[in-house]
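Lettering follows sequence order; numbering is per chain, from 1. Reckoned from all heavy atoms, side chains included, excluding hydrogens, waters and symmetry mates.
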Amino acid sequence: MEKENEPPVSDRKKFDYYAEIEEPLNEPMQLKIDKIKAAAASGKILYLSAFEKNASVSEIKAKYAGLAPGEKSDEIYKLAGRIMIFRVHGKATFCDLKDADDKIQLYLNIKNTGEDKYNEFLELDIGDWIGVEGSVFVTHKGELSINVSDYKLLSKSIRIMPEKWHGLKDVEIRYRQRYLDFIVNPEIKKVFMIRIKTIDAIRQFLNSRGFLEVETPMLQPIPGGATAKPFVTHHNALDIDMYLRIAPELYLKRLLVGGFERVYEINRNFRNEGISHKHNPEFTMVEFYQAFADYNDLMILTEELFKYTAMQATGTMDFKYRDNKISFSGKWEKISMLDAIEKYSGISFSFDMNILEMKNIAGKLGVEISENFGKGKIINEVFEKTVEPCLIQPTFIKDYPIEISPLARKHPENANLTERFELFVGGEEVANAFSELIDPKDQMARFSKQAESSDEEERITGKIDLDFIKALEYGMPPAAGEGIGIDRLVMILTDSRSIRDVILFPLMKPEKE
RNA sequence: GGGCCGUUAGCUCAGCAGGUAGAGCACCGGACUUUUAAUCCGGGUGUCGAAGGUUCGACUCCUUCACGGCUCACCA
């Protein structure tokens, strides 16, 4: 970061900020900087502290929607926004002003503003923030406009805006400089509005069902509740390593031990793994727990939650996602994992089968099986390969093998299975839930098995959280819990190709100097 | 991490069997008092992602690297 030609600290006052912005400086920017320097030298204030506006563009547009060409209002409005484009016609000028939700055309006429003010206006640049005062009218061509009588520069823009017509297409710049993306590609705001409304709807729904929103540690001494590599950090004063949480699960369950019956948390989890169009290192989940409920209760609740959320966030239950049409309406299918495999691939697996026979079948399907895979893991691999891509409409897959479900309660009818379901939409998993394991002895046994696993990743996350076991020893009520990946859900609701399209500031590798 | 592709002006993109680049928008100068991608006249503003190599000569060919996209593997 240090530059060789950087002046010593004592000379910093003389340091020319504008000369250091970028090297080399393009001509349009250089001219803007010259303009700024000249204005500053003449005592002009380029960055005001506030502007008292009395209307927004969308309010004006709603109020004067019925105005006919040639008609005008007597009322004077004060609006503020960013200049997006100029159309100069000699002694009259049009320009578009964009505020938070919409944009409106400004009209300046030298006769109305006076010569000095008019000419000064032409010195403004695209990107500048201004406050304007004027009346509403409709042009000959039918465009609702503001006839500006006075204006103020509120904040000066130094950089050049991307192109007005093609916008900003370079996805790298769009993700890195999301603010520019919002300025130039306003349609992306719809995606993020759906995200905002989705989270809001989930809160409303859970609150209405008596769930309490809580906050549990993101900085944890032992990361648990999922199988994933954690981010490691260090607490200086305590001189201990800490981990960013991979899931809130174990803390939310402690609250059930403490007597809370329904809790939820909406926030980030962090997993130190690969980045892809489906994976960002930090992602948002809602996780909730309901005492005295089992996974069947949560299937009913989940279906209601998704339907409510979809309607609140988008106003519809029918979506296009990639090449598929998805509908949240109607009753959602519930099918066990083994039945689903039989339904979609014709293979009838059972735990009575010889493991070699299972490996054989899996091998024929082209599923890669490691030596150490047990029956449950083989079944899951076959499921992912043959069934998952077919689950376009919302489908609950239930009764997962115990081998891949270390925190779920055993199925009462089959000790190889658990009371667990996942919800699939568009061929992808969006929710994962189960009747919770509440027997400390059983939980300890499963943690120990994980800790001894030959899989390195499982071992890292297999550090046993003895305090959690202790909590269970005080008695946790029967409960069911669920996690829903909000980024994934928003991707479906907005037909987004990449998780980065639904995250405001997705992680990007730092640009090198 | 593997494979494939991309990176040229502030933005969107051309270009080249190897002779150091050109359009539109933006920007600058001029005309224009209801336009809306305003129009008309004039002006190209560049470390062709970075570093090596081949060559008389590289934006172009080769190698390595960086960043990004798609895809496979793993995970949500």
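By the 4.0 Å N-to-carboxylate-O rule, A/Asp96 lies close enough to A/Arg87 to be salt-bridged with it. For A/Arg203 and A/Glu213, the salt-bridge test passes: some basic side-chain N is under 4.0 Å from an acidic carboxylate O. For the pair A/Glu249 and A/Lys253, the salt-bridge criterion is met [side-chain N within less than 4.0 Å of a carboxylate O]. Ionic pairing of A/Glu172 and A/Arg176 is present here: one or more N-O contacts between side-chain nitrogen and carboxylate oxygen are shorter than 4.0 angstrom. Residues A/Lys156 and A/Asp125 are paired through a salt bridge, judged by an N-O separation under 4.0 Å between the basic side chain and the carboxylate.
Taking a pair as Watson-Crick or G-U wobble with both distances under 3.5 Å, the runs of three or more consecutive pairs in RNA chain B are B:1-7 with B:66-72, B:10-13 with B:22-25, B:27-31 with B:39-43, B:49-53 with B:61-65.
Heavy-atom distances under 4.0 Å link RNA chain B to A/Phe137, A/Thr139, A/His140, A/Lys141, A/Glu143 of residues 132-150 of chain A, given in residue order. A heavy atom closer than 4.0 Å to some atom of RNA chain B occurs in A/Phe94, A/Gln105, these being the qualifying members of residues 93-106 of chain A.
Between A/Phe319 and A/Phe328, the distance separating the two ring centers is shorter than 6.0 angstrom. Taking the six-membered ring for Trp and the full ring otherwise, A/Phe182 and A/Phe192 have centroids separated by under 6.0 Å.
Taking atom P on both B/C70 and B/G43, the two are 42 Å apart, rounded to the nearest angstrom. Atom P of B/A21 sits at a distance of 35 Å from the matching atom of B/A37, rounded to the whole Å. Distance noted for atom C1' between B/A38 and B/G69: 37 Å (whole Å). Spacing of P atoms, B/U36 relative to B/G19, comes out at 43 Å, to the nearest Å. The C1' atoms of B/U60 and B/U39 are separated by 39 Å, rounded to the nearest whole Å. If you take atom P in B/C25 and the same atom in B/C59, they sit 29 Å apart, rounded to whole Å.
At the phosphate of B/C74, neither OP1 nor OP2 sits under 4.0 Å from any side-chain N or O atom of A/Arg271. In this model, the phosphate group of B/A38 is approached by a side-chain N or O of A/Arg87 to a distance below 4.0 Å at OP1 or OP2. A/Lys164 has a side-chain polar atom (N or O) that falls below the 4.0 Å cut-off from OP1 or OP2 of B/A38.
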Grab the N/O contacts between the protein and nucleotides 11-14 of chain B below 3.5 Å, and write none if there aren't any.
unit_1: B/C11; atom_1: O2'; unit_2: A/Glu163; atom_2: N; d: 3.2
unit_1: B/C11; atom_1: O2'; unit_2: A/Gly167; atom_2: O; d: 3.0
unit_1: B/U12; atom_1: OP1; unit_2: A/Lys169; atom_2: N; d: 3.0
unit_1: B/U12; atom_1: OP1; unit_2: A/Asp170; atom_2: N; d: 2.9

Table of protein N/O atoms under 3.5 Å from nucleotides 6-8 of chain B N/O atoms:
none

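Taking only side-chain atoms of A/Leu31, from C-beta outward, the nucleotide of B/A76, B/U33, B/C28 with the closest atom is B/C28. Between B/G10, B/C67, B/C27, one nucleotide has an atom nearer to the side chain of A/Lys509 than all others, and that is B/C67. When the nucleotides B/U71, B/U33, B/G68 are ranked by their closest atom to the side chain of A/Arg176, B/G68 comes out on top. Side-chain proximity of A/Pro28 to the nucleotides B/A76, B/C27, B/U35 is greatest for B/C27.
Residue pairs meeting the ring pair (Phe, Tyr, Trp, His ring centres under 6.0 Å) criterion with at least one member in residues 367-405 of chain A, sequence neighbours excluded: A/Trp332-A/Phe396, A/Phe383-A/Phe424, A/Phe396-A/Phe421.
Across all strands, A/Ile85 comes closer than 4.0 Å only to sugar-phosphate atoms, never to a base (heavy-atom distances). Within 4.0 Å of A/Arg500, counting heavy atoms only, lie sugar-phosphate atoms of the nucleic acid but no base atom. Base engagement by A/Val88 is indicated by at least one non-hydrogen atom pair under 4.0 Å involving a base atom. Looking at heavy-atom distances under 4.0 Å, A/Asn280 makes contact with a base.
Residue side chain A/Asn109 reaches the base of B/U33 through a donor-acceptor N/O pair under 3.5 Å, judged by distance alone.
In terms of position along RNA chain B, the nucleotide closest to A/Arg497 lies nearer the 5' end than the nucleotide closest to the other residue of the pair A/Arg497 and A/Glu381.
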Could you walk me through whether A/Asp399 and A/Tyr295 satisfy the side-chain hydrogen bond (donor to acceptor under 3.5 Å, both in side chains) test, starting with their C-alpha distance in whole Å, then the side-chain angles of each, then the deciding distance to 0.1 Å, before giving a yes or no?
CA-CA 10 Å; A/Asp399 302 339; A/Tyr295 76 144; 2.5 Å; yes
Going through the distances and angles, do A/Thr302 and A/Glu482 end up as a side-chain hydrogen bond (donor to acceptor under 3.5 Å, both in side chains)?
CA-CA 9 Å; A/Thr302 301; A/Glu482 175 165 344; 2.7 Å; yes
Worked verdict on A/Asn112 versus A/Asn147 for side-chain hydrogen bond (donor to acceptor under 3.5 Å, both in side chains)
CA-CA 8 Å; A/Asn112 300 334; A/Asn147 189 351; 3.0 Å; yes
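The closest side-chain donor-acceptor pair between A/Arg245 and A/Asn267, if any, does not fall under 3.5 angstrom. Between A/Gln177 and A/Asp181, the side chains place no donor N or O within less than 3.5 Å of an acceptor N or O (distance only, hydrogens not considered). Side-chain contact check for A/Thr93 and A/Tyr107: no donor-acceptor pair (N or O, by modelled atom type) lies under 3.5 Å.
Between A/Lys117 and A/Leu108, the closest side-chain pair of non-hydrogen atoms is not below 4.5 Å.
Checking A/Ile104, A/Asp74, A/Ile146 one by one against A/Val136, the side-chain contact (heavy atoms from CB on, under 4.5 Å) holds for a single residue, A/Ile146.
Classification of the A/Phe447-A/Phe468 ring pair by plane angle, with boundaries at 30° and 60°, yields tilted.
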